[in-house]
Number of protein chains: 2
Amino acid sequence: MARESKTKYILLGMLAIKNCSGYDIKQMIDVNVGYFWQESNGQIYPTLKKLEECKLIERIEEDRDSTREKKIYTITLEGKRIFQNWVEEDEYILSIRNEFLLKLTFGTNLTVRKNIERLKKYKRGVSEKKTILESMKSRLGLEEQTDQHIYWYIQLDSGILMSQAMSEWCDLSISRLEKLGG
Amino acid sequence: MARESKTKYILLGMLAIKNCSGYDIKQMIDVNVGYFWQESNGQIYPTLKKLEECKLIERIEEDRDSTREKKIYTITLEGKRIFQNWVEEDEYILSIRNEFLLKLTFGTNLTVRKNIERLKKYKRGVSEKKTILESMKSRLGLEEQTDQHIYWYIQLDSGILMSQAMSEWCDLSISRLEKLGG
DNA sequence: CCAGGCATGTAATCTGTTACATGATTTA
DNA sequence: TAAATCATGTAACAGATTACATGCCTGG
């Protein structure tokens, strides 16, 4: 049966914030919530099509500026209803697959030195992401404080705090392994 | 093409630690690495079958105690080789889908009070998991310190630190929302 | 005796990724 | 002019979940 896809809800949610194209949505997802939610184009475009067929979203005329082909969508009342129902449900799926942690768990099959290197590299990646999130947060702080903003703020903080914790964990783990004789 | 399934590697990895059954493996995954890796029975059993066909694992006689049907597997040399190759590859997939954070991002569609409630509930869940991980860690500390142990120790710490950070983030977010007038 | 855990497994079905195709426009 | 980015989309294919089936054993 494969559980119900949540893709439609994130698309509706983004369109509830503002009218945009599939490409815009993909950007917004990658940039803003990419650290806890991913969608591929292979999901986005077909889902947009289906949503339009079901009249949960509609195409509008992109009034301006595009010589480029760009399909701008807007959410319908029915779309908002469906979206709202989903937001109100107090249940959440959580799926994670972190292959880095998995390989580290089996770290005994590698030299200590190699594991330390990996942790250092991983930490660099985590720190970069944290920096990006922090700059997004400060940019958000400069803009006007709408109701929407507070939740984006909170959500960004979760990413920042997680990155921070991950980074500290890397240091801790590195020093543990170094004591072992790296 | 759908990316290569990693299921076989975690099964091989568990069998590299000790001989066990599909049921045992499922338990080990849920309990030990469940917070960053999940597998369902619908993946585990068919994969075990395939691995046996490819001679990467073998059935052994469960010497004792079971009136119950239980198929114990052991990893073969070829299986170890395949597993080792995977561990040595310095590349990792990471996929996360946290529907809680997603709904919170769209929190403006709910009352502030409701979002606070959700955060409190979420925090309880996070704290429970943290407690479990901590008890696992102290249990691990009591057992003999093998080479394997240090990596499980480190891996557990990542879960504990993440839970801790998440928990703090919940508090922070709750107080932010309360200031808004919850 | 019955609920729940132990234990294995399959079928149905959808989900989701990758890789590719296409073409315009911008930038170096 | 070549590479990168904008922009939409599809096909192929495997991945993965859920739900169910089966049956034994244990504890209350």
Side-chain angles (χ1 to χ4, degrees), chain A residues 1-11 14-15 19-31 34 36-53 57 59-62 64-73 91-99 102, chain B residues 1-11 14-15 19-31 34 36-53 57 59-62 64-73 91-99 102:
Chain A
M1 261 121 228
R3 69 176 151 223
E4 189 202 13
S5 175
K6 311 292 184 179
T7 303
K8 55 178 163 298
Y9 299 117
I10 190 166
L11 300 186
M14 292 303 180
L15 289 171
N19 300 335
C20 43
S21 66
Y23 192 88
D24 296 336
I25 292 174
K26 171 70 172 150
Q27 300 291 100
M28 287 165 80
I29 293 173
D30 286 351
V31 174
F36 68 79
W37 198 276
Q38 294 104 37
E39 292 289 353
S40 65
N41 285 341
Q43 285 287 96
I44 291 172
Y45 288 108
T47 304
L48 281 173
K49 199 180 220 175
K50 276 176 222 151
L51 289 174
E52 197 186 4
E53 279 164 15
I57 65 175
R59 282 194 59 184
I60 55 167
E61 295 315 310
E62 66 277 25
R64 206 24 310 104
D65 72 73
S66 25
T67 51
R68 279 214 178 86
E69 144 179 73
K70 192 164 183 174
K71 298 185 177 179
I72 309 288
Y73 295 95
E91 274 173 34
Y92 328 95
I93 56 109
L94 172 63
S95 67
I96 313 183
R97 282 189 158 196
N98 185 328
E99 200 181 7
L102 190 59
Chain B
M1 260 125 221
R3 69 178 153 221
E4 188 202 16
S5 174
K6 311 292 183 180
T7 303
K8 55 179 163 299
Y9 300 118
I10 190 166
L11 300 186
M14 292 302 181
L15 289 171
N19 300 335
C20 43
S21 67
Y23 193 88
D24 297 335
I25 291 173
K26 172 72 172 148
Q27 300 291 100
M28 287 165 80
I29 294 174
D30 287 350
V31 173
F36 69 79
W37 199 275
Q38 295 104 38
E39 293 289 350
S40 64
N41 284 342
Q43 285 286 95
I44 291 171
Y45 288 108
T47 303
L48 280 173
K49 200 181 219 178
K50 276 177 224 150
L51 289 174
E52 197 186 4
E53 279 162 16
I57 64 174
R59 283 196 59 186
I60 55 167
E61 294 316 310
E62 65 277 27
R64 205 27 309 103
D65 69 73
S66 27
T67 53
R68 281 215 176 89
E69 145 180 71
K70 192 163 184 172
K71 297 186 177 178
I72 309 289
Y73 295 95
E91 273 172 38
Y92 329 97
I93 58 110
L94 171 63
S95 67
I96 313 184
R97 283 189 158 195
N98 184 329
E99 200 180 7
L102 190 60

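Just so we're clear, the structure is a prediction, and the values are computed from it rather than from any experiment. Residue numbers begin at 1 in each chain, while the letters A, B, ... track the order of the sequences.
The shortest distance between the side-chain N/O atoms of B:R3 and the OP1/OP2 oxygens of C:dT17 is not below 4.0 Å. Proximity of A:Y45 to the phosphate of D:dT8: a side-chain N or O atom is located under 4.0 Å from OP1 or OP2. Put simply, A:R97 has no side-chain N or O that comes within less than 4.0 Å of OP1 or OP2 on D:dG15. Phosphate proximity of C:dG9 to B:K71: present, with a side-chain N or O under 4.0 Å from OP1 or OP2. Taking 4.0 angstrom as the limit, A:K49 places a side-chain polar atom (N or O) nearer than this to OP1 or OP2 of D:dT10. For A:S40 and C:dT18, the shortest distance from a side-chain N or O to OP1 or OP2 is not below 4.0 Å.
For A:F36, the ring-ring contact (aromatic ring centres under 6.0 Å, His included) test picks out no residue, with sequence neighbours left out. Residues passing the side chain to side chain contact (heavy atoms under 4.5 Å, CB included) test with A:Q27, sequence neighbours excluded: A:Y23. In terms of the side chain to side chain contact (heavy atoms under 4.5 Å, CB included) criterion, residue partners of A:Q38 (sequence neighbours excluded) are, by chain and number, B:S95, B:I96.
When the C1' atom of C:dG16 is taken as reference, atom CH2 of A:W37 falls 12 Å away, rounded to whole Å. Computed from coordinates, the A:K70 NZ to D:dT8 P distance equals 7 Å when rounded to whole Å. Whole-Å rounding puts the A:Q27 CD to D:dA4 P distance at 17 Å. Atom CD1 of A:I29 and atom P of C:dT17 are 11 Å apart (whole Å). Remark: P of C:dT17 and CD of A:E39 are 7 Å apart, rounded to the nearest angstrom. Put simply, CG on B:L94 is 12 Å from P on C:dT17, counting in whole angstrom units. Across the protein-nucleic acid pair, A:K50 atom NZ and C:dT15 atom C1' stand 9 Å apart, rounded to whole Å. Rounded to a whole Å, the CG atom of B:L51 is 16 Å from the C1' atom of C:dG9.
Distance check: A:L11 CG to A:L48 CG gives 5.0 Å after rounding to the nearest 0.5 Å. Distance check: A:L102 CG to B:I10 CD1 gives 4.5 Å after rounding to the nearest 0.5 Å. Atom-to-atom distance recorded for B:Y73:OH and B:I57:CD1 is 5.5 Å, nearest 0.5 angstrom. Between the CD atom of A:E52 and the NZ atom of A:K50 there is a distance of 13.5 Å, given to the nearest 0.5 Å. B:I29 contributes atom CD1, which lies 11.0 Å from atom CG of B:D24 (distance to the nearest 0.5 angstrom).
Nearer to the 5' terminus of DNA chain C, by closest-nucleotide assignment, is the contact made by A:K8 (compared with the other of A:K8 and B:I93). Both B:L48 and B:S95 lie near DNA chain C, and the one whose nearest nucleotide falls closer to the 5' end is B:L48.
Side-chain contact check for A:I72 versus A:R59: every heavy-atom pair is 4.5 Å or farther apart.
End-to-end axis angle of the helix from C:dC1-D:dG28 to C:dA28-D:dT1, from C1' rotation axes over five pairs per end: 40° (rounded to 10 degrees).
B:K26 comes within contact range of no nucleotide atom at all, as no heavy-atom separation falls under 4.0 Å. B:T7 comes within 4.0 angstrom of the backbone, heavy atoms only, and of no base. Here B:G42 lies in heavy-atom contact (under 4.0 Å) with a base.
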Where do N or O atoms of nucleotides 21-23 of chain D meet protein N or O atoms at under 3.5 Å, pair by pair?
none

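At a threshold of 4.0 Å, the pair B:E99-A:K6 counts as salt-bridged, since one of the basic side-chain nitrogens sits closer than that to a carboxylate oxygen.
For B:S5, the listed nucleotide lying nearest its side chain is D:dG15; candidates were D:dG15, C:dT10, D:dA7. The side chain of B:Y73 approaches C:dG9 more closely than any other nucleotide in the set C:dG9, D:dT8, C:dT8.
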Name every donor-acceptor pair, under 3.5 Å, that has one atom in a side chain of residues 39-47 of chain A and the other anywhere in the protein, sequence neighbours excluded.
residue	atom	partner	partner atom	Å
A:E39	OE1	A:T7	OG1	3.0
A:E39	OE1	B:R97	NH2	2.9
A:E39	OE2	A:T7	OG1	3.1
A:E39	OE2	A:W37	NE1	2.9
A:E39	OE2	B:R97	NH2	2.8
A:Q43	NE2	A:T7	OG1	3.3
A:T47	OG1	A:Q43	O	2.5

